[in-house]
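Worth saying up front: this structure is predicted, and the values here are computed from it rather than measured. Starting from 1, each residue takes its place in the sequence as its number.
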Amino acid sequence: MEIINLARKLGEELAASDEYKNFCTTRDKCRENTALKVKLDEFKVQKSILDVEKEKDDDERDEGFVDAVSVRVEELYNEITNDPDMKAYNKAEEDLNLLMTAINMTITSYISPESLSGKYGEGDGDFDGDDGCTHNCSTCHSVTAANAQ
């Protein structure tokens, strides 16, 4: 089927995109960061312990323990999210997600053009930048008009 071949070609182009390459590079750097991995592992364990303790009935819950673990979870969260490798990974993931959103919007505009073009604006439904796509959906006249419906 021709459409499957086109999908394969799109997949190849995505795999060759700067956004995907940057995502893979930053992901791999995070995986190699042993200090970050230790913090992530501890965060998961502490968060799980906290969730279990919070689920207990009021008379069984140790609020001092909850407070102490909550403080540690918050400390770990801040350390993880402020790690340069994690920041780079989160940015790369966001950029890849924006690209995927733009691709999905473009495809959707051709199978459901009344929802993304013409009806809500003067654009032709092509989200390759010709209509001023910023890759930030909140700025898109078509999406904001559709959401207002």
Side-chain angles (χ1 to χ4, degrees), residues 1-55 65-149:
M1 262 172 102
E2 181 61 25
I3 197 163
I4 300 300
N5 290 332
L6 290 171
R8 285 187 185 117
K9 179 67 177 158
L10 177 59
E12 292 169 4
E13 292 295 323
L14 280 168
S17 72
D18 290 340
E19 292 86 351
Y20 183 72
K21 288 177 184 176
N22 191 37
F23 171 79
C24 290
T25 299
T26 59
R27 178 200 59 207
D28 292 346
K29 195 165 183 187
C30 279
R31 289 177 177 169
E32 294 167 3
N33 183 332
T34 54
L36 180 60
K37 185 177 179 340
V38 167
K39 289 175 187 175
L40 285 165
D41 289 344
E42 183 185 349
F43 177 84
K44 290 175 192 173
V45 170
Q46 295 286 352
K47 182 76 170 87
S48 178
I49 290 168
L50 182 61
D51 291 342
V52 168
E53 190 67 22
K54 282 184 171 182
E55 290 294 319
F65 181 72
V66 168
D67 291 344
V69 176
S70 294
V71 167
R72 182 62 184 149
V73 166
E74 187 174 333
E75 287 172 356
L76 288 165
Y77 177 82
N78 289 331
E79 290 173 17
I80 290 165
T81 58
N82 288 315
D83 183 281
D85 290 340
M86 184 57 78
K87 283 183 175 182
Y89 170 78
N90 286 335
K91 174 71 170 105
E93 184 179 43
E94 179 183 333
D95 291 346
L96 181 60
N97 285 337
L98 287 172
L99 176 61
M100 294 300 297
T101 297
I103 290 167
N104 286 332
M105 287 178 66
T106 301
I107 293 169
T108 301
S109 74
Y110 283 92
I111 59 175
S112 181
E114 67 280 355
S115 67
L116 294 175
S117 65
K119 181 176 175 185
Y120 298 116
E122 56 261 351
D124 63 3
D126 186 2
F127 293 97
D128 63 2
D130 293 340
D131 292 332
C133 180
T134 63
H135 300 290
N136 178 348
C137 296
S138 67
T139 67
C140 182
H141 64 85
S142 299
V143 173
T144 53
N147 288 339
Q149 294 292 334

How many angstroms lie between NZ in K39 and CG in N78, if you round to the nearest 0.5 Å?
11.0 Å

F43: ring-ring contact (aromatic ring centres under 6.0 Å, His included) partners, not counting sequence neighbours:
none

Only one of K54, Q46, E53 forms a side-chain contact (heavy atoms from CB on, under 4.5 Å) with V69, so which one is it?
Q46

dist L14:CG -> L10:CG (nearest 0.5 Å) comes out at 4.5 Å

Can you run down the salt bridge (Lys or Arg N to Asp or Glu O under 4.0 Å) pairs that involve residues 2-17, sequence neighbours left out, and say none if there aren't any?
K9-E13

With sequence neighbours left out, what residues match V45 under side-chain contact (heavy atoms from CB on, under 4.5 Å)?
I49

Distance col, row M86:CE vs T81:OG1, nearest 0.5 angstrom, shows 8.5 Å

Measuring from atom CG of L96 to atom OG1 of T101, what distance do you get when rounded to the nearest 0.5 angstrom?
9.5 Å

Which residues share a salt bridge (Lys or Arg N to Asp or Glu O under 4.0 Å) with E94, sequence neighbours left out:
none

At what distance, to the nearest 0.5 angstrom, does CD of E55 lie from CG of L50?
10.0 Å

Just do the side chain to side chain contact (heavy atoms under 4.5 Å, CB included) check on N33 and K29 with the steps written out, would you?
CA-CA 6 Å; N33 183 332; K29 195 165 183 187; 6.0 Å; no

Donor-acceptor pair, distance only, cut-off 3.5 Å: does the side chain of N104 make one with the backbone of M100?
yes

Nearest 0.5 Å, what's the CD-CG distance between E93 and L98?
11.0 Å

Give me each pair satisfying side chain to side chain donor-acceptor pair (under 3.5 Å) with a member in residues 16-26, each pair once, sequence neighbours excluded.
none

Which residue pairs pass the salt bridge (Lys or Arg N to Asp or Glu O under 4.0 Å) test with at least one member in residues 67-77, sequence neighbours excluded?
E42-R72, R72-E75

May I ask you to check whether over 12 heavy atoms, not counting those of L6, lie within 6.0 Å of atom CG?
yes

Ignoring hydrogens and geometry, is there a side-chain-to-backbone donor-acceptor pair from S70 to V66 under 3.5 Å?
yes

